[in-house]
Protein chains: 2
Amino acid sequence: MQEAAIITLKKHELSVTDTRKKILQFFLESAGALTHADIEQQMGEAFDRVTIYRTLQTFVEKGIIHTIPSADNAIRYALCKDNCAAGHHHDDHVHFLCNDCGTTYCLDHVSVPKIKLPKGFTANQTDLVVSGVCHKCEA
Amino acid sequence: MQEAAIITLKKHELSVTDTRKKILQFFLESAGALTHADIEQQMGEAFDRVTIYRTLQTFVEKGIIHTIPSADNAIRYALCKDNCAAGHHHDDHVHFLCNDCGTTYCLDHVSVPKIKLPKGFTANQTDLVVSGVCHKCEA
DNA sequence: AAAAATTTTGCAACAAAGTTGCAAAGGTTT
DNA sequence: AAACCTTTGCAACTTTGTTGCAAAATTTTT
């Protein structure tokens, strides 16, 4: 069943290609966020590395996925919720990064508090990243 | 005047070398956070790239600087406040990243709110990154 | 203050991550 | 199904980060 992926692609005015379907499907099936490496591994030899880069880029531009800040070097991508439109600053997320297994969780139910900024500063997006140990990895 | 840098290095039981003095000095003089690229550019041909990597690594281990999460790929480093000890999770920062000029500010006066996590999740560090336009770049 | 011991640096070589141009293949439209 | 537009994969390249090792610098010892 990959209807959902196709519908999402069409909704965002993207051609429906094999690569896009498979990668989007992978996101839909994954609980957390994915790095480029995760996807490359999962897809095996099926697609060129370059294609994956470009697909992720496209998805970000169209507002299908968004990037999650992290202190380590890896860019993580996660599905946007429906109300998340391209170009706009999205709804602000709270993310949890497990230091043990490396999984990134989107904590949708927790809301990001408003931060009071110094004069002259304008907030556009607020990212809150909590790192620690997730429920699967606790001793 | 680079006494401050020397004192800091000694306090952290590090040999006082030219590279370390200069890089630490650069941090002391910079308002915001720095990427590896910033430092490499600033230092010119003076030091080897590898040395800069290793110096930053050492500084992080010793708790002189810390990394700041970001959604783009670049790792940013900023000076830790004095109470920030190596190994421990530091005092939690709020950071502001300007989308215009790229400067990262440490908003020390704002405190990070406690986040309520789902059952089984343990928080270790909380990073809050606000991005938008800083006071220098506002129209 | 010089010698011995330890650390740090720079080089070289490599590994990984990301980008660009372009022709071929695949999707879309009429 | 033909014409058109978009996407893909290849190749070549740039950038970023890592590792081992001998030379140089720093610290400690005498």
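Sequence lines set the chain letters: A, B, ... in the order given, protein chains first and strands last, and positions in each chain run from 1.
Each of A:T58 and B:Q57 has a nearest nucleotide on DNA chain D; the 5'-most of these lies closest to A:T58. Two residues, A:R20 and B:H36, neighbour DNA chain D, and the one matched to the more 5' nucleotide by heavy-atom proximity is A:R20.
Residue contacts shown for B:T19 are limited to sugar-phosphate atoms, with no base heavy atom under 4.0 Å away.
Evaluation of the side chain to side chain contact (heavy atoms under 4.5 Å, CB included) rule for B:S70 yields B:D72, B:R76 as partners, not counting sequence neighbours. In this structure, the ring pair (Phe, Tyr, Trp, His ring centres under 6.0 Å) partners of A:F96, at least two apart in sequence or on a different chain, are B:F121. Contacts of B:D100 classified as side-chain hydrogen bond (donor to acceptor under 3.5 Å, both in side chains), with partners at least two apart in sequence or in another chain: none. For A:K10, the side chain to side chain contact (heavy atoms under 4.5 Å, CB included) partners two or more places apart in sequence, or in a different chain, are A:I6, A:V16.
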Taking protein heavy atoms under 4.0 Å as touching, what does nucleotides 23-30 of chain C look like 5' to 3' if B marks base contact, S marks sugar-phosphate-only contact and - marks none? ----SS--

Show every donor-acceptor pair shorter than 3.5 Å between a side-chain atom in residues 36-43 of chain B and any protein atom, with sequence neighbours excluded, or say none if there are none.
unit_1	atom_1	unit_2	atom_2	d
B:H36	NE2	B:E40	OE1	2.8
B:D38	OD1	B:T35	OG1	3.4
B:D38	OD2	B:T35	N	2.9
B:D38	OD2	B:T35	OG1	3.1

Atom pairs and distances, donor-acceptor, side-chain atoms in residues 128-139 of chain B, under 3.5 Å, two or more places apart:
none

Just list the side-chain donor-acceptor pairs under 3.5 Å for residues 45-56 of chain B, sequence neighbours left out, or say none.
unit_1	atom_1	unit_2	atom_2	d
B:D48	OD2	B:V50	N	3.0
B:T55	OG1	B:T51	O	2.7

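Here the straight-line distance linking atom CG of A:D18 with atom CD1 of A:I23 works out to 10.0 Å at 0.5 Å rounding. Rounding to the nearest 0.5 Å gives a distance of 5.5 Å between NZ of A:K62 and CG of A:L14.
Annotation: side chain of B:D127 is not in contact with side chain of B:I68 (no heavy-atom distance under 4.5 Å).
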Does the side-chain contact (heavy atoms from CB on, under 4.5 Å) test come out yes or no for B:F27 and B:I64, once each step is laid out? CA-CA 10 Å; B:F27 272 106; B:I64 298 175; over 6 Å; no

For a side-chain contact (heavy atoms from CB on, under 4.5 Å) check, start with the C-alpha distance between B:F59 and B:L9, then their side-chain angles and the critical distance, and finish with the verdict. CA-CA 9 Å; B:F59 283 3; B:L9 289 173; 3.8 Å; yes

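Both B:L107 and B:I115 belong to a single network of hydrophobic side chains, linked directly or stepwise wherever heavy atoms of I, L, V, M, F, W or Y lie under 4.5 Å apart.
Relative to the axis of its first five pairs, the axis of the last five pairs of the helix from C:dA1-D:dT30 to C:dT30-D:dA1 sits at 40°, rounded to 10 degrees.
Put simply, chain A comes within 4.0 Å of DNA chain D, heavy atom to any atom, from D:dT6 to D:dG17, going 5' to 3'.
Contacts of residues 46-53 of chain B with DNA chain D (heavy atom under 4.0 Å): B:R49, B:V50, B:Y53.
The separation between A:I39 atom CD1 and C:dA16 atom P is 19 Å, rounded to whole Å.
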